[in-house]
Amino acid sequence: MGERVLIALGGNAMTAPDGSASPADQRQAVEGAMRHVAALISRGHQVILTHGNGPQVGNLLLKNQMAADVVPPVPLDWCGAQTQATVGVLILNALGDRTAVVVTRTLVDAMDPAFRNPVKPIGRYFTEAEARRFRELGQTWWEFPGKGFRRVVASPEPLEILDAPAALALMEAGYTVVVAGGGGVPVVRRADGSLTGVEAVVDKDTAAAVLARAVQATVLVVATDVPAAVTGFGTAAARPIGRTTVEDLRALQAAGHFASGSMGPKVAAVLRFAETGGRAVITSLEHIGDALAGDVGTFVEG
């Protein structure tokens, strides 16, 4: 009997090696990634997929900005929903029958401190004049010296993957399910109990840890472009981290070994899942099969 495996696909699974996100590049990258997923399914594992959407949302935001004088820009939660569907269709076509995509909402707290201090950069760099134009629409833009101005938004903590029950029902019916792409569309609950989208993004790795619990996954795999997390990244002292414990990995995290914009969120996600009794792995797509056995990758068990 196979495992119930949740795979969180990184941006490298949806773009060319140089980061290009043209439609042809995205299609080719997804098809390559799904060959590894199909191999797991053929071994009897039940797979749930989630994915990033940074380049795709960035492209939509650029279209918003270029056409702002012609059509009203669509809100960020709409961009998230659109990219869930776009990437989802590529996965559907690559994996074939018995695959389903759930456009997914993620509940966040309207009072989350992140809304008072937006720090998550999204989209491309622009000139000061262009940034000023969008600040007038209520957006927050920061200057990044030497690069230009970039929009920043809130990245609140995910509380609940609201559409996980739909994913579970499809899984029980034998489908491979794609859920919570891009961390899910962030929504808050109004005073009357209704839901509304917000201008924010949810970290997809953090959301994957919440989703893994909701869909009763036995293993969380955070797929990236390296075989394992390392200490001393970028230095001559760099060393891969293999099998480890929650306590040891958390100590390395506290010592500053994992950058906040790259490996940091992945380590935080596997810790979040493993510290409540799960098993989690950070590895590359081509090593997932061996990683499930604990032979490759950064493998942590609660």
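In what follows, residues are counted from 1 in the order of the sequence shown. Because only heavy atoms are used, hydrogens play no part in the values below, and waters and symmetry mates are left out as well, while side chains stay in.
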Look at the side chain of [X] and the backbone N and O of [Y], then say whether any donor-acceptor pair between them is shorter than 3.5 Å.
X	Y	answer
T104	D163	no
T106	G183	yes
R189	T196	no
S42	L40	no
E160	L107	no
R150	G123	yes
D25	T15	no
E143	F149	no
T83	C79	yes
R105	P186	no

Exercise for the section: Apply the test salt bridge (Lys or Arg N to Asp or Glu O under 4.0 Å) to residues R151 and E199: give CA-CA distance (whole Å), side-chain angles for both, the deciding distance (0.1 Å), then the verdict. Expected result: CA-CA 12 Å; R151 186 181 176 189; E199 290 281 313; 2.6 Å; yes
For residues [X] and [Y], report the shortest heavy-atom separation together with the two atoms involved.
X	Y	answer
V185	Q84	N-NE2, 3.5 Å
M263	F258	CG-CD2, 3.9 Å
F126	L62	CZ-CD1, 3.6 Å
T50	A208	CG2-CB, 3.9 Å
A29	M14	CB-C, 3.7 Å
R43	G289	NH1-CA, 3.3 Å

Practice task
Name the orientation class of the two ring planes belonging to F134 and W141 (parallel below 30°, tilted from 30 to 60°, perpendicular beyond 60°).
Solution key: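 Geometry flag for W141 against F134: parallel rings.
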When you look at [atom1] of [X], are more than 12 heavy atoms from neighbouring residues, nucleotides or ligands closer to it than 6.0 Å?
X	atom1	answer
F115	CZ	yes
Q139	CD	yes
Y175	OH	no

Give a yes or no on whether [X] and [Y] share a hydrophobic cluster (residues Ile, Leu, Val, Met, Phe, Trp, Tyr; joining criterion: side-chain heavy atoms under 4.5 Å apart).
X	Y	answer
V215	V219	no
L168	L170	yes
V87	V221	yes
V210	I282	yes
L6	V177	yes

Side-chain atoms of residues 292-302: list all donor-acceptor pairs with protein atoms under 3.5 Å, sequence neighbours left out, distances to 0.1 Å.
from : atom 1 : to   : atom 2 : distance (Å)
T298 : OG1    : A229 : N      : 2.9
T298 : OG1    : I241 : O      : 2.7

Practice task
Linking directly or through intermediates, with side-chain heavy atoms under 4.5 Å: list the remaining ILVMFWY members grouped with V103, chain and number order.
Solution key: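 Listed partners: none, V103 stands alone.
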Problem - Atom pair OG1/CZ of T244 and R250 - distance to nearest 0.5 Å - result: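 Separation between the atoms: 11.5 Å.
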Practice task
Starting at CE of M34, measure out to CD1 of I91 and round the result to the nearest 0.5 Å.
Solution key: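 With rounding to 0.5 Å, CE (M34) is 4.5 Å from CD1 (I91).
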Handout entry: From V202, T206, D203, V108, residue fulfilling side-chain contact (heavy atoms from CB on, under 4.5 Å) relative to E157
Key =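 When V202, T206, D203, V108 are each tested with E157, the side-chain contact (heavy atoms from CB on, under 4.5 Å) holds only for T206.
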Problem - Of V222, I48, L49, L220, the residue whose pairing with I7 passes side-chain contact (heavy atoms from CB on, under 4.5 Å) - result: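 With I7 as partner, V222, I48, L49, L220 yield a single side-chain contact (heavy atoms from CB on, under 4.5 Å), made by L49.
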Handout entry: salt_bridge(R4, E172) N-O dist < 4.0 Å
Key =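 Salt bridge: yes.
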Handout entry: Note: R133-D69 ion pair, threshold 4.0 Å (strictly below)
Key =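 Answer for the salt bridge query: yes.
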